[in-house]
Undergrad: 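Here's a structure for you.
Residue numbers start from 1 in every chain, and the chains themselves are labelled A, B, ... in the order their sequence lines are given, proteins ahead of strands.
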Number of protein chains: 2
Amino acid sequence: MTVELETGTRIRTRKAILDAAVRVLAQEPGASLGQIADAADVGRTTLHRYFPDRADLLAAVTQEAGHRLGEAAVRARLDEGPGLDALLRACQTCLTLGDLLTLLFTETISLEACGDEDGFSRALDDAIARGLADGTLDPRLSPAWLQGTLWSSLYLAWSELREGTTPPHDVVGQLLLTVRKALSA
Amino acid sequence: MTVELETGTRIRTRKAILDAAVRVLAQEPGASLGQIADAADVGRTTLHRYFPDRADLLAAVTQEAGHRLGEAAVRARLDEGPGLDALLRACQTCLTLGDLLTLLFTETISLEACGDEDGFSRALDDAIARGLADGTLDPRLSPAWLQGTLWSSLYLAWSELREGTTPPHDVVGQLLLTVRKALSA
DNA sequence: CCTCTATGGAACATCAATGTTCCACTGGAG
DNA sequence: CTCCAGTGGAACATTGATGTTCCATAGAGG
């Protein structure tokens, strides 16, 4: 065990495996490590070299999701402006998470496992509470339902995007329109 | 192969296995046959006696889903009244599908495999087209998006119901409210 | 009470996925 | 050019799921 001096090659390979894992698992949560290795254009041996265990790989994907979610929360400025607007910004930002969205929504990986260090869930809760307080969110809907609607709409939008039959711009438009109509007071 | 004279016992056992399969697979799509047999309070041997193959079991569940969807379509009177109202009736009716909803939404079983004999998808498409024509559905949203929103909202509602933390009446209320707001013109 | 249906469990063969070890090779850094 | 870090593949042991066979028995229904 030398100190982890990550060379460029290792970083690149690791990223390729991680990306492939996200891509493949989003489509087939029970996919074998062999399938993931193939998708990453890497030998199964190499995959095991980087992630000895299936659990290790999943943990790494989960951690990656945590990071990305954290970035998303910052970019969306969830703590600024009216609650509804914050949620709409969150929609646009989170769409960039791509297949990670699928893994989170289908609970192939779990938000809780990231720890609450990311603070995304917290920030989302806050934005929802703010929106209910400032009158931009429909008070007849519970915080849990509001958040659930947000996630499921996001998942739907990403599904459409991935299918590729609808132009990205249209998908975003319909997503924002639907969420605004559904959640606004 | 005698003529399939299904005795009461056999019908009951078969149903128990099928129900358990739906329940277990909804929670864990990759569940083993042993888990399903346990959930059905039945030996694994017995399960294989009814469904020799895992594929056979899945096919039976799929067929069951087809029947239930067909019934739902009839009960919801999808071909009557304004399009939006038909969709709202469909929401209420489909909620009774329970875990089957999860299996369909997560594509553990596929609608297509039922054949189009059920006619549910067709009826839904028609209702959406009618709603766009009669001005009760938002013309800015594509038929695919309208249908997707319906399904994902249903899935969300069933998730809440299953969790059991929200009273059923409230869940239905929020579901109908959300769908109406999101989809109406 | 008797019979036959339906069942559960033990035992077994098979198979795919997993995780490990070892070795040969390749291409880029020095 | 020379090393060696990084890689791929073959081979192997292990494990869990699967599907099958066989047998003993419980219990519903006559």
Side-chain angles (χ1 to χ4, degrees), chain A residues 1-64 103 106-109 113, chain B residues 1-64 103 106-109 113:
Chain A
M1 292 293 181
T2 72
V3 184
E4 292 296 327
L5 277 186
E6 294 289 317
T7 75
T9 308
R10 288 190 65 86
I11 293 178
R12 217 174 313 124
T13 304
R14 187 187 147 90
K15 179 167 168 44
I17 295 176
L18 236 32
D19 286 350
V22 171
R23 196 172 348 119
V24 171
L25 291 177
Q27 190 159 31
E28 191 182 330
S32 75
L33 297 182
Q35 288 176 262
I36 295 174
D38 285 350
D41 278 312
V42 148
R44 194 165 63 87
T45 309
T46 300
L47 190 152
H48 276 108
R49 232 193 294 279
Y50 282 77
F51 307 99
D53 233 75
R54 175 178 253 268
D56 292 323
L57 178 57
L58 263 297
V61 171
T62 301
Q63 195 181 3
E64 168 76 5
L103 296 185
T106 62
E107 294 174 34
T108 303
I109 63 180
Chain B
M1 293 292 182
T2 72
V3 184
E4 293 294 327
L5 277 186
E6 295 287 318
T7 75
T9 309
R10 288 191 65 85
I11 293 178
R12 218 173 313 125
T13 305
R14 187 187 147 91
K15 180 167 167 45
I17 295 175
L18 235 33
D19 286 350
V22 171
R23 195 170 352 118
V24 171
L25 290 177
Q27 191 160 30
E28 190 182 330
S32 75
L33 298 183
Q35 288 176 261
I36 295 175
D38 285 350
D41 277 313
V42 149
R44 195 164 64 88
T45 310
T46 301
L47 190 151
H48 276 109
R49 206 170 273 129
Y50 283 76
F51 307 98
D53 233 78
R54 173 178 254 268
D56 292 323
L57 178 58
L58 263 296
V61 170
T62 302
Q63 195 181 3
E64 168 77 4
L103 295 184
T106 62
E107 293 175 35
T108 303
I109 63 179

Undergrad: Report yes or no: is the cationic atom of B:R10 (NZ for Lys, CZ for Arg) closer than 6.0 Å to the six-membered ring centre of B:Y50, at no more than 45° off its axis?
TA: yes

Undergrad: For B:I11 and D:dA28, what is the distance between atoms CD1 and C1' respectively, to the nearest whole Å?
TA: 15 Å

Undergrad: What is the distance, to the nearest angstrom, from the CZ atom on B:R10 to the P atom on D:dG27?
TA: 19 Å

Undergrad: Heavy atom of residues 42-59 of chain A under 4.0 Å from DNA chain D: which residues?
TA: A:V42, A:G43, A:T45, A:T46, A:R49, A:Y50

Undergrad: To the nearest Å, give me how far apart CZ (A:R14) and P (D:dG6) are.
TA: 14 Å

Undergrad: Would you indicate whether the side-chain heavy atoms of A:T106 and B:T106 approach each other to under 4.5 Å?
TA: no

Undergrad: For residues B:A16 and B:A40, report the shortest heavy-atom separation together with the two atoms involved.
TA: O-CB, 3.8 Å

Undergrad: For the residue pair B:V42 and B:L47, what are the closest heavy atoms and their distance?
TA: CG1-N, 3.9 Å

Undergrad: Report yes if a side-chain nitrogen or oxygen of A:S32 is closer than 4.0 Å to either non-bridging phosphate oxygen (OP1 or OP2) of C:dA16; otherwise report no.
TA: no

Undergrad: Does any part of the side chain of A:Q35, heavy atoms only, come nearer than 4.5 Å to the side chain of A:D38, both counted from C-beta?
TA: no

Undergrad: Rounded off to whole Å, could you give me the CG-to-P distance for the A:L33 and C:dT18 pair?
TA: 4 Å

Undergrad: Mind calculating the distance between CG (B:L25) and P (D:dA17) to the nearest angstrom?
TA: 14 Å

Undergrad: I want to check one thing: is the phosphate of C:dT5, taken as OP1 and OP2, less than 4.0 Å away from some side-chain N or O of B:T9?
TA: no

Undergrad: I need the minimum non-hydrogen distance between B:I36 and B:I17, along with the two atoms involved.
TA: CG2-O, 4.3 Å

